[in-house]
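Reviewing the structure listed below.
Position 1 is the first residue of the sequence, and the numbers go up from there.
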Amino acid sequence: MHNHLAGQTSPYLLQHQFNPVDWYPWGPEALAKAKAENKPIFLSIGYAACHWCHVMERESFENDAIARLLNASFVSIKVDREERPDLDEIYMTAVQSMTGQGGWPLNVFLTPDGKPFYGGTYFPPDDRFGRPGFPALLAAIRDAWATRRDEIDGSAKDITARVRAASAAPAAGPGDLRVGPKQTTRAAADLKSRFDATWGGFGPAPKFPPHASLALLLREHARTGDPLTLAMVTTTLDRMAVGGMYDQIGGGFSRYSTDERWLVPHFEKMLYDQALLVPVYVDAWRVTGKPLYRRVVLETLDFVRRELTASDGGFYASLDADSEGEEGRFYVFTPAEVEAVLGAKDGAPFCATFGIKLPGNFEGKSIPNLLDGDDEAVVARLAPLRAKLLAARGKRVRPATDDKVLTAWNGLMITAFATAYDAFGREDDLRSARAAADFVLFQLAKDDRLLVSYRAGKAHLNAYLDDYAFLGRGLVDLYEAGFKRSDLDRAAAFARTLLDRFGDGQGGFHFTSDDHEQILARTRSTFDDAIPAGSAVAAELLLRLSLHFDDARFRKAGLATLTALRPFAERAPVGCASLLNASAYAETNEVVEIAIAGPAKAPETKSLLATARGRYIAARVLAWFDPASGPSDLPLLAGKKLVGGRPAAYVCRNYACDAPVDDPSGLAKALAAH
């Protein structure tokens, strides 16, 4: 027997379709049932790779006695936060206002009209960890609903008011000042005060990969020359790359580290972490030339291509932390297991290099790591042995794959593949970015509107701000990698939809479109979280498009966002790191526009492109065309031509262009003058 989740496409919802709890998906049927029967709603939000979501399912949602309590007195709704970030944001804000903390699973009790009155995260099946047992909690809420309804309604009204207040537009700052170097410097100072000089990262464990903060520090180093800002970046990237949070056997990053050394991860692998870390490692390689960074980028992309890519090109959402009911089981080894694959002669030095020893560092086994010392020459020599161990590991019971394709996260991953191709020129990476873009544009785009999620032949849900902003930026990055003009045009079309459907008229953006279903509040995406704030990426998209198209509307809108969100950046500059990074495209002394004219296959053209792409520039706009194919209507390419019959590069900044150069050394000098 199954409940009302049967027929859904979300793997997370389908995981619960055979629970004895009579789950409903979020929608009119469940909401109408709650109103008709005058029952409170039990709303449970999670995602497929969430370890504690699985724990609560095993302990409570598969428990017949608990299911009877829920079914008798509540209407139970299950939501995949990755498909419904709008609901997740609303009810996470509510729980945080009640308890001061949040996380997943997110469990909230609502009135029939969707107003929250009580909530929390994980509830155990009996009293433990200082948390109430779930059955006792359900009984208490059932009884309060029957006898103290006025109190519940009053609490729901108060919490709803707080949620709506959190979604209000910020008060405008004095004048029309926008975010810029002042807030960036403040953010860098804040990060310095919390920097872990030994292990990298900021603050104590658990440690999450701080991609936006590291990108901000790279920009600040380029702007000021401060060596400490670069040291903070390299220490953090080095430590993450040699610890156990990075999969030393198969590539790719786990969600976060439970300890300060980046050794013991929470083992789920999310697509967005790969997507957001790759560009930071690429830029750090541009600054330092460290072989470690290049290896991490290429191995991470190989992992995504191998394990998170559908046959038709879309990128899957995640890999679970658990397999065979145990977290991390798929990834850990004993020395005997390694030697069984590699033999004693090769196995012993391999184990010594990768820290695989007794008694182990994780529940009697070892998470491979290079914390005792990273020698890239040794790692390179051991590559064939790593490949053997990867093949052997692949025969184990694999963690479950959440194989839905999310538009927003695919946009982030397109940026990652395009950025890596831009730096390293590996054709497979450009092909992966191209295939994903083609898939999303075919399956999830309807004219200039987008849908959120695709799985099992079905695309659904009207898209959010993140979908338009992340995919739009990904298409701009793909254009600058492969120079397919239609990518730039589609990015501009999505940017116009973003302005028309999501703009608040004051420079900010709502998270949902103006024709979205009625929900408790129309939230805004202002602060970075696990992924960048949608409004920040929207600002970057608009400003970059304004430079490519010389479009006044895009530039005005992008600048307005930097102004509208300044109060947030003043209050919490690190929380607005992506917005601060986007602001580089508004600083005329930082933006570098590079136009290259020449035949695509000419070695001279390739050399000029490689030179343009090899240097770190915080705000770069790159365009190319072959004059033999006729003039381009892109303003940056207008009037550009060969010089003496040779391919040429034009460097423009601060509304002026240098004289064209026709050799890589001349281009390098022009860029170094930046």
Check your understanding: Does D86 pair with R522 as a salt bridge, N-O distance under 4.0 Å?
Key -> no
Check your understanding: By salt bridge (charged side-chain N to carboxylate O under 4.0 Å, His left out), which residues pair with R571, not counting sequence neighbours?
Key -> none
Check your understanding: Under a 4.0 Å N-O cut-off, is there an ion pair linking D551 with R544?
Key -> no
Exercise for review: Indicate yes or no: at least one non-hydrogen side-chain atom of N410 is less than 4.5 angstrom from one of F470.
Suggested key: no
Practice item. For the residue pair R194 and V574, establish whether any side-chain heavy-atom pair is separated by less than 4.5 Å. Key: yes
**Study point:** Contact summary for A572 and F527, nearest pair of heavy atoms
**Key:** CB-CE2, 3.9 Å
**Study point:** Nearest non-hydrogen partners of A420 and L301, listed with the distance
**Key:** CB-CD1, 3.3 Å
**Study point:** Listed once per pair and sorted, the disulfide (SG to SG under 2.5 Å) pairs that draw on residues 587-641, sequence neighbours left out
**Key:** none
Check your understanding: Is the shortest side-chain N to carboxylate O distance from R305 to D429 below 4.0 Å?
Key -> yes
Check your understanding: Under 4.0 Å between a Lys/Arg side-chain N and an Asp/Glu carboxylate O for E376 and K290?
Key -> no
Exercise for review: Test W624 against every option in Y479, F483, Y650 by the ring-ring contact (aromatic ring centres under 6.0 Å, His included) rule and name the one that passes.
Suggested key: F483
Side-chain donor-acceptor contacts of residues 626-640 below 3.5 Å, not counting sequence neighbours, with atom names and distances?
| residue | atom | partner | partner atom | Å |
| --- | --- | --- | --- | --- |
| D626 | OD1 | A628 | N | 3.0 |
| S629 | OG | D626 | O | 2.6 |
| S632 | OG | L634 | N | 3.1 |
| D633 | OD1 | R485 | NH1 | 2.5 |
| D633 | OD1 | R485 | NH2 | 3.4 |
| K640 | NZ | L636 | O | 3.0 |
| K640 | NZ | A638 | O | 3.4 |

Review point. When you check the gap from the basic side-chain N to the acidic O, do R620 and E593 get nearer than 4.0 Å?
Key: no
Revision key, fill the gap. Tested for side-chain hydrogen bond (donor to acceptor under 3.5 Å, both in side chains) against R223, the lone hit among T185, T184, N589 is T185
Check your understanding: With sequence neighbours left out, which residue pairs that include part of residues 571-653 fulfil the disulfide (SG to SG under 2.5 Å) condition?
Key -> C652-C657
Check your understanding: Who pairs with R255 by salt bridge (charged side-chain N to carboxylate O under 4.0 Å, His left out), at least two apart in sequence or on another chain?
Key -> D273
Check your understanding: Ring centroid separation for F502 and F509, is it under 6.0 angstrom?
Key -> no
Study note, to complete from the structure: T497 meets the side chain to side chain contact (heavy atoms under 4.5 Å, CB included) criterion, sequence neighbours left out, with D448, R449, Y468, R501
